[in-house]
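Read the structure below first, then the notes.
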There are 2 protein chains.
Amino acid sequence: MARMTGGTGRTAGDTRQRGTGQRDTRQRMVVAAAQLLRERGYDGTGCRDVVARARAARGAIYHHFPGGKTEIGIEAARWAGGLVAERVERACAEAHPREGVRAVLELADRLLIRADGPAGCPVAAVTLSAEDPDGALRAAANEIFGRWRAAIAGCLARAGVDAQRAARFAAVTVAGIEGTVLLCRASGDVEPYQAVRAGLLDQLDLLLGSLPGPAEPETGL
Amino acid sequence: MARMTGGTGRTAGDTRQRGTGQRDTRQRMVVAAAQLLRERGYDGTGCRDVVARARAARGAIYHHFPGGKTEIGIEAARWAGGLVAERVERACAEAHPREGVRAVLELADRLLIRADGPAGCPVAAVTLSAEDPDGALRAAANEIFGRWRAAIAGCLARAGVDAQRAARFAAVTVAGIEGTVLLCRASGDVEPYQAVRAGLLDQLDLLLGSLPGPAEPETGL
DNA sequence: GCTTGACTAGGACGTTCGTCCTAGTCAAGC
DNA sequence: GCTTGACTAGGACGAACGTCCTAGTCAAGC
């Protein structure tokens with residue numbers, strides 16, 4: 001009733017593109033869903049919450065997402081997780097592992113832990129949905145986690161770490177970050193993050209220091 | 001309707017202790033709640049589900065838990081998490097870190113990952129509840145995580161690892177385990193667990209191998 | 001100027017939720 | 001044998017859920 005903007009649907013300054021439809025309503029819903037998943041989880045987020053935060057109409061749910069709540073969840077996890085994956089991949093592509101892992105930890109801190117509201121991760125949220133009949137939610141999450149792991153493992157392997165060990169360290173890093181988000185939500189502060197961050201960097205140094213070949217091979221600039 | 005045991009309330013062989021009330025109804029509810037939290041999360045678990053699995057009456061909810069769903073959640077997380085904490089503390093008390101950490105990983109595998117149904121953790125579940133007005137759920141979870149971390153850190157410190165480093169490794173281990181549970185739920189198999197387990201043991205070896213003093217102090221037996 | 005299609009606005013549906021409530025059942029203790 | 005108290009059994013409550021639905025609004029294109 002007391003909605004502040006939007007009013008009867010569209011305001012004077014509206015700049016929607018002709019004919020193609022108001023494409024950004026869909027995107028606003030995806031972003032709102034990702035935020036809500038992070039804050040309240042999948043089962044704690046209602047479709048009404050999503051449209052309310054996105055300032056969209058309830059009818060927009062099935063107009064833009066015929067698959068209903070499940071489709072919104074998948075889309076939101078893919079969008080948020082993919083955005084992180086792109087940044088992780090970019091940070092890891094040409095950096096030394098120490099810088100790459102540091103950048104990954106920095107991203108987790110900014111996007112998952114110290115963001116508005118309690119710590120949380122939209123990808124974790126869809127993974128933990130109570131119902132997922134055909135496994136579509138978990139499959140989407142699994143794909144995202146795989147991208148994160150592959151990017152980090154590639155970064156280490158390129159620096160001369162044995163591929164198996166690199167893959168294991170990447171798994172520990174991704175699992176450690178997701179676990180840290182959880183611990184930070186439980187504690188309400190960033191202490192667990194600081195401990196895990198330091199612990200992962202400790203261990204990365206040991207791993208890099210134990211390289212059989214040249215201690216720090218130049219990986220091309 | 002087709003309830004198998006209990007019938008009209010109590011069967012012939014019932015051995016409830018006189019006067020004190022049927023104490024194990026409460027315990028059955030706690031166990032059922034812990035299982036359901038692991039499988040479906042806090043927001044995905046209803047009070048009706050709990051009493052149904054515990055073969056208890058709906059009226060038993062507020063008879064045994066005046067605080068309602070929140071109190072059941074806290075109790076279940078405390079029970080399940082405390083049980084794990086006791087085992088972790090026992091495994092870490094007198095063992096070499098390698099054995100202690102191995103035992104912790106083994107526990108996680110058996111209780112959180114390869115248990116019936118999808119991978120999950122009741123303590124994580126209450127941490128991720130959508131609503132937690134006075135923070136009671138998260139406080140209970142935080143206490144459990146603290147016990148796990150302290151037990152592992154103590155094990156390493158007793159073996160000669162610098163206290164700070166030991167605490168960090170413990171944080172990585174607990175966060176890594178919780179994250180692994182998540183990754184295993186997403187993937188539907190135990191591959192992430194195997195990678196994280198190997199990665200943590202890799203790094204423990206590096207940590208122990210870099211000890212300044214005697215490489216592997218005999219800690220009795 | 002009328003049609004068309006994208007989108008808004010929100011009522012209505014059946015279900016499930018947490019919670020509260022009363023009635024009934026059984027065993028213990030006087 | 002009656003009272004008492006622990007516990008069962010399940011109806012009732014208002015709220016919220018996902019979903020479907022119709023009516024209304026606006027801009028583009030004929």
Side-chain angles (χ1 to χ4, degrees), chain A residues 1-3 5-29 33 36 40-52 54-74 129-133 137, chain B residues 1-3 5-29 33 36 40-52 54-74 129-133 137:
Chain A
M1 292 306 159
R3 191 157 303 169
T5 69
T8 61
R10 227 157 285 135
T11 55
D14 194 0
T15 60
R16 90 141 105 163
Q17 50 275 67
R18 300 120 303 149
T20 75
Q22 189 160 334
R23 198 100 196 107
D24 65 302
T25 290
R26 193 188 141 95
Q27 181 58 18
R28 280 205 319 279
M29 288 180 65
L36 286 163
R40 308 190 211 168
Y42 185 85
D43 297 304
T45 297
C47 291
R48 286 166 171 82
D49 302 331
V50 174
V51 294
R55 288 193 222 284
R58 270 238 306 297
I61 298 172
Y62 295 91
H63 180 76
H64 290 293
F65 304 92
K69 187 183 180 181
T70 303
E71 190 179 345
I72 297 178
I74 292 173
S129 74
E131 308 270 339
D132 186 10
L137 288 166
Chain B
M1 293 306 158
R3 191 158 302 170
T5 69
T8 61
R10 228 155 287 136
T11 54
D14 195 359
T15 60
R16 89 143 106 165
Q17 47 279 66
R18 302 118 305 149
T20 75
Q22 188 162 338
R23 198 100 196 108
D24 66 302
T25 290
R26 193 187 141 97
Q27 180 59 16
R28 280 207 318 280
M29 288 178 66
L36 286 162
R40 307 190 211 169
Y42 184 84
D43 298 303
T45 297
C47 292
R48 287 165 171 81
D49 301 331
V50 174
V51 295
R55 286 194 224 283
R58 270 237 307 296
I61 298 172
Y62 296 90
H63 180 76
H64 290 293
F65 305 93
K69 188 182 179 182
T70 303
E71 189 179 344
I72 296 179
I74 292 172
S129 74
E131 308 271 338
D132 186 12
L137 288 165

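To find a chain, count down the sequence lines: A is the first, B the second, and so on, and within it residues start at 1. Computation of the quantities below employed the complete heavy-atom set of this structure, encompassing side-chain atoms and omitting hydrogens, waters and symmetry-equivalent molecules. The shown structure was predicted, so the numbers you read here are calculated from the model rather than taken from an experiment.
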Distance, rounded to the nearest Å, where [X] contributes [atom1] and [N] contributes [atom2]:
X: Met29(A); N: dC7(C); atom1: CE; atom2: C1'; value: 12 Å
X: Arg55(B); N: dA9(D); atom1: CZ; atom2: C1'; value: 16 Å
X: Ile72(A); N: dC17(D); atom1: CD1; atom2: P; value: 13 Å
X: Glu71(A); N: dC20(D); atom1: CD; atom2: P; value: 12 Å
X: His63(A); N: dC20(D); atom1: NE2; atom2: C1'; value: 15 Å
X: Phe65(B); N: dC20(C); atom1: CZ; atom2: P; value: 15 Å
X: Arg28(A); N: dC7(C); atom1: CZ; atom2: P; value: 11 Å

To check you understand the geometry: which heavy-atom pair defines the closest contact between [X] and [Y], and what is its length?
X: Thr45(B); Y: Leu36(B); result: OG1-O, 3.2 Å
X: His64(A); Y: Glu71(A); result: O-OE2, 4.3 Å
X: Leu137(B); Y: Gly73(B); result: CD2-C, 4.2 Å
X: Gly44(A); Y: Ala130(B); result: CA-CB, 3.8 Å

If the condition is side-chain hydrogen bond (donor to acceptor under 3.5 Å, both in side chains), which residues does Asp132(B) pass it with, not counting sequence neighbours?
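For Asp132(B), no residue satisfies side-chain hydrogen bond (donor to acceptor under 3.5 Å, both in side chains) once neighbours in sequence are set aside.
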Listed by chain and number, what are the side-chain hydrogen bond (donor to acceptor under 3.5 Å, both in side chains) partners of Asp43(B), not counting sequence neighbours?
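Checked Asp43(B) against side-chain hydrogen bond (donor to acceptor under 3.5 Å, both in side chains); zero matches.
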Should Tyr42(A) and Ile72(A) count as side-chain neighbours, where that means a heavy-atom distance under 4.5 Å?
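Side-chain contact under 4.5 Å: no.
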So what does the secondary structure string of DNA chain C come out as, 5' to 3', with Watson-Crick or wobble pairs under 3.5 angstrom, [ ] for crossing and | for pairs with another strand?
||||||||||||||||||||||||||||||
Evaluate Thr25(B) against His63(B) for side chain to side chain contact (heavy atoms under 4.5 Å, CB included), listing each step before the verdict.
CA-CA 11 Å; Thr25(B) 290; His63(B) 180 76; over 6 Å; no
Let me have a per-nucleotide readout for nucleotides 12-19 of chain C, 5' to 3', with B, S or -, counting only protein heavy atoms under 4.0 Å.
B----BBB
